[in-house]
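These notes are about the structure you will find just below.
Keep in mind the model is a prediction, meaning the values are calculated, not measured. Excluded from the calculations below are hydrogen atoms, water molecules and symmetry mates; all remaining heavy atoms, backbone and side chain alike, are included.
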Amino acid sequence: VQLQASGGGLVQPGGSLRLSCAASGFNLDYYAIAWFRQAPGKEREWVSCINSVSASDGSTDYADSMKGRLTISRDNAKNAVYLQMNSLKPEDTAVYYCAAALSTVCVGRHPKAYNYWGQGTLVTVSS
């Protein structure tokens, strides 16, 4: 099982990025997928989560610090999960990770609740 996060980069404040989480050997449809981030010197922080396709309600959740600026979504045909980030701020600078839980529904906000991790993609928000 491998997850791969991509799509990070350098963006100016107020800009947007779309992060992608792809999987090999693992069908993302069946599992809850979350995004976390970790800024230098800080603990890993939960950002967002989306329930599995089988959970059927398509439920999503977002961290209060980024609510209104994020959209998490799935592309079942591509076996991918995306995180659209808008109105980015310098404090959003971090390495962003996708993670999968062996659960059909989101399992909370602690990193230990998630079983598989991608390698992370760096997002830098700076002018």
Side-chain angles (χ1 to χ4, degrees):
V1 173
Q2 287 189 327
L3 298 180
Q4 184 170 2
S6 62
L10 174 63
V11 63
Q12 292 187 341
S16 298
L17 282 174
R18 189 179 78 160
L19 306 183
S20 300
C21 180
S24 57
F26 191 75
N27 189 333
L28 295 179
D29 290 356
Y30 300 139
Y31 305 102
I33 305 299
W35 286 94
F36 287 78
R37 67 182 182 181
Q38 189 165 18
K42 295 188 176 181
E43 293 186 350
R44 194 163 295 191
E45 175 189 22
W46 177 90
V47 172
S48 181
C49 189
I50 185 168
N51 283 350
S52 71
V53 172
S54 61
S56 74
D57 63 355
S59 178
T60 59
D61 197 10
Y62 301 100
D64 288 344
S65 62
M66 298 190 78
K67 195 169 288 185
R69 300 190 290 126
L70 298 179
T71 303
I72 188 171
S73 62
R74 294 180 177 272
D75 185 330
N76 302 332
K78 294 184 178 181
N79 196 28
V81 171
Y82 303 110
L83 185 68
Q84 177 69 41
M85 305 190 296
N86 300 322
S87 302
L88 285 163
K89 305 175 183 180
E91 52 264 42
D92 296 322
T93 295
V95 177
Y96 284 72
Y97 299 88
C98 61
L102 294 178
S103 170
T104 58
V105 297
C106 294
V107 292
R109 304 186 177 194
H110 198 289
K112 290 186 177 179
Y114 292 84
N115 304 92
Y116 299 108
W117 291 82
Q119 85 289 359
T121 185
L122 177 62
V123 172
T124 303
V125 185
S126 175
S127 55

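Counting heavy atoms from C-beta outward, S48 and L83 have side chains that approach closer than 4.5 Å. Side-chain contact check for N76 versus V53: some heavy-atom pair is nearer than 4.5 Å. In this structure, V125 and E91 have side chains that are not in contact, with every pair of non-hydrogen atoms separated by 4.5 Å or more. Using a 4.5 Å cut-off on side-chain heavy atoms (C-beta onward), R74 and I33 make contact.
With rounding to the nearest 0.5 angstrom, the OG atom of S52 is 11.0 Å from the CG atom of L28. Residue S59 holds its OG atom at 10.5 Å from CD1 of I72, rounded to the nearest 0.5 Å. To the nearest 0.5 angstrom, S65 atom OG is 9.0 Å from W46 atom CH2.
In this view, S16 and N86 satisfy the side-chain hydrogen bond (donor to acceptor under 3.5 Å, both in side chains) rule, not counting sequence neighbours.
Cluster annotation: L17 is not connected to Y97 through the hydrophobic network of ILVMFWY side chains, with a link wherever side-chain heavy atoms come within less than 4.5 Å. Grouping the Ile, Leu, Val, Met, Phe, Trp and Tyr side chains by contacts below 4.5 angstrom, directly or via other members, places V95 apart from L19. Note on F36 and M66: separate hydrophobic clusters, where clusters join Ile, Leu, Val, Met, Phe, Trp and Tyr whose side-chain heavy atoms are under 4.5 Å apart, directly or indirectly.
Between M85 and L70, the closest heavy-atom pair is CG-CD2, 3.4 Å. Taking each heavy atom of L88 and R69 in turn, the nearest pair found is CA-NH1, 3.8 Å.
Within the structure, side-chain hydrogen bond (donor to acceptor under 3.5 Å, both in side chains) pairs that include any residue of residues 110-127 do not occur (at least two apart or interchain). Residue pairs meeting the side-chain hydrogen bond (donor to acceptor under 3.5 Å, both in side chains) criterion with at least one partner in residues 17-40, sequence neighbours excluded, are R37-E45, R37-D92, R37-Y96, Q38-R44.
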Q. Stepwise, does the side-chain contact (heavy atoms from CB on, under 4.5 Å) test hold for D61 with C106?
A. CA-CA 9 Å; D61 197 10; C106 294; 5.7 Å; no
Q: Go through the steps for Y62 and V47 under the test side-chain contact (heavy atoms from CB on, under 4.5 Å), then give the verdict.
A: CA-CA 6 Å; Y62 301 100; V47 172; over 6 Å; no
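Residue Q2 qualifies as open at atom CD: its count of foreign heavy atoms under 6.0 Å is 12 or below.
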